[in-house]
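The structure displayed is predicted, hence computed values, not measured ones.
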Amino acid sequence: MATAAKSIGVPIQLLHESEGHIVSVELRNGEIYRGHLSESEETMNCMLVDVVMTARDGRVSKMENVYIRGSQINFMILPDLLKHSPALDKVKQLKRQEDAKSKRQGPQFKK
């Protein structure tokens with residue numbers, strides 16, 4: 001299982017860490033779903049419970065369960081508490097290493 005965790009990217013890791021929290025999902029057709037993320041998959045397929053759906057025309061509907069196909073997701077709003085996620089800490093550390101490396105090499109000019 002440890003090798004599988006390393007093979008998935010940071011966005012999918014953050015999605016899995018969001019399970020159990022409230023998320024908002026906007027689909028490609030403009031509908032917005034907000035609810036508790038109960039399950040997610042590597043393909044970004046998501047199961048939401050206690051959902052409020054807002055249609056493109058502004059109509060609001062409440063649903064008990066919704067299964068969203070990952071390929072239809074335009075974007076997601078995840079909980080703010082993920083700012084302190086270990087997955088993001090790794091990204092920040094790599095960014096700092098790259099910045100330090102570029103400072104040591106000096107400016108790069110194209111010929």
Side-chain angles (χ1 to χ4, degrees):
M1 185 73 179
T3 57
K6 289 184 180 185
S7 66
I8 62 174
V10 173
I12 302 302
Q13 287 178 357
L14 291 174
L15 179 62
H16 287 307
E17 289 180 24
S18 299
E19 291 178 4
H21 299 285
I22 295 176
V23 298
S24 296
V25 181
E26 182 174 317
L27 301 185
R28 292 168 51 188
N29 65 6
E31 294 176 342
I32 300 172
Y33 294 83
R34 181 172 171 79
H36 289 274
L37 180 63
S38 65
E39 295 180 40
S40 62
E41 301 172 5
E42 280 73 23
T43 56
M44 290 186 66
N45 295 340
C46 300
M47 172 69 94
L48 300 177
V49 296
D50 299 327
V51 180
V52 175
M53 188 272 287
T54 306
R56 290 179 64 184
D57 61 3
R59 287 181 291 132
V60 177
S61 304
K62 292 187 179 184
M63 301 176 201
E64 192 174 316
N65 296 315
V66 174
Y67 188 79
I68 299 173
R69 183 182 171 113
S71 65
Q72 297 302 309
I73 295 174
N74 194 18
F75 72 88
M76 295 182 76
I77 300 174
L78 302 176
D80 284 340
L81 63 93
L82 293 177
K83 290 179 186 175
H84 307 293
S85 168
L88 283 181
D89 290 340
K90 291 180 205 173
V91 172
K92 290 175 189 175
Q93 182 181 9
L94 289 172
K95 175 87 169 113
R96 276 188 246 120
Q97 289 174 351
E98 287 179 9
D99 289 345
K101 184 179 177 182
S102 65
K103 284 182 183 178
R104 280 184 268 141
Q105 290 178 349
Q108 301 288 325
F109 297 105
K110 292 184 178 180
K111 294 181 181 181

**Student:** Nearest 0.5 Å please: distance from the CZ atom of Arg69 over to the CG atom of Asn45.
**Tutor:**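 Interatomic distance, Arg69 CZ to Asn45 CG, rounded to 0.5 Å: 7.0 Å.
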
**Student:** Any side-chain heavy-atom pair from Gln72 and Asn29 closer than 4.5 angstrom?
**Tutor:** no

**Student:** Calculate, to the nearest 0.5 Å, the distance between atoms CG and CD1 belonging to Leu48 and Ile68 respectively.
**Tutor:**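 Taking CG in Leu48 and CD1 in Ile68, the distance rounds to 4.5 Å.
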
**Student:** Following the transitive rule for hydrophobic clusters with a side-chain heavy-atom cut-off under 4.5 Å over Ile, Leu, Val, Met, Phe, Trp and Tyr, establish whether Val25 and Met63 coincide in one cluster.
**Tutor:**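 Hydrophobic grouping puts Val25 with Met63.
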
**Student:** Rounded to the nearest 0.5 Å, how far apart are CZ of Arg34 and NZ of Lys62?
**Tutor:**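 These two atoms lie 12.5 Å from each other.
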
**Student:** With a 4.5 Å limit on heavy-atom distance, are the side chains of Val49 and Asn65 in contact?
**Tutor:**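 SC-SC contact between Val49 and Asn65 confirmed.
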
**Student:** Would you compute the distance between atom CE of Met76 and atom CG of Leu14 and round it to the nearest 0.5 angstrom?
**Tutor:**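 If I round to the nearest 0.5 Å, the distance is 11.0 Å.
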
**Student:** Using a 4.5 Å cut-off on heavy atoms from C-beta on, say whether the side chain of Ile73 contacts that of Cys46.
**Tutor:**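 Result yes, sub-4.5 Å side-chain heavy-atom pair found.
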
**Student:** Taking the side chain as every heavy atom from C-beta outward, state whether His21 and Leu81 have any pair of such atoms under 4.5 Å apart.
**Tutor:**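 Yes, their side chains come closer than 4.5 Å.
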
**Student:** Could you give the distance from CD (Glu31) to CG (Asn74), rounded to the nearest 0.5 Å?
**Tutor:** 12.5 Å

**Student:** Within the distance-only criterion (no hydrogens, no angle test), does the side chain of Arg28 pair as donor or acceptor with the backbone N or O of Ser71 below 3.5 angstrom?
**Tutor:** yes

**Student:** Can you check whether Met47's main-chain N or O pairs, donor with acceptor, with Ser38's side chain at less than 3.5 Å?
**Tutor:** yes

**Student:** Return yes if some donor-acceptor pair links the side-chain N/O of Asp50 with the main-chain N/O of Gly35 below 3.5 Å, else return no.
**Tutor:** no

**Student:** Quick one: are Pro79 and Val23 in side-chain contact, heavy atoms under 4.5 Å?
**Tutor:**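 Contact flag for Pro79/Val23 side chains = yes.
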
**Student:** Check whether any side-chain heavy atom of Leu15 sits under 4.5 Å from a side-chain heavy atom of Leu37, and report yes or no.
**Tutor:**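 Yes. Closest side-chain heavy atoms under 4.5 Å.
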
**Student:** Which heavy atom of His16 sits nearest a heavy atom of Ser40, and at what distance?
**Tutor:**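 Here His16 and Ser40 meet closest at ND1-OG, 3.0 Å.
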
**Student:** Are any non-hydrogen side-chain atoms of Met44 and Ile12 less than 4.5 angstrom apart?
**Tutor:** yes

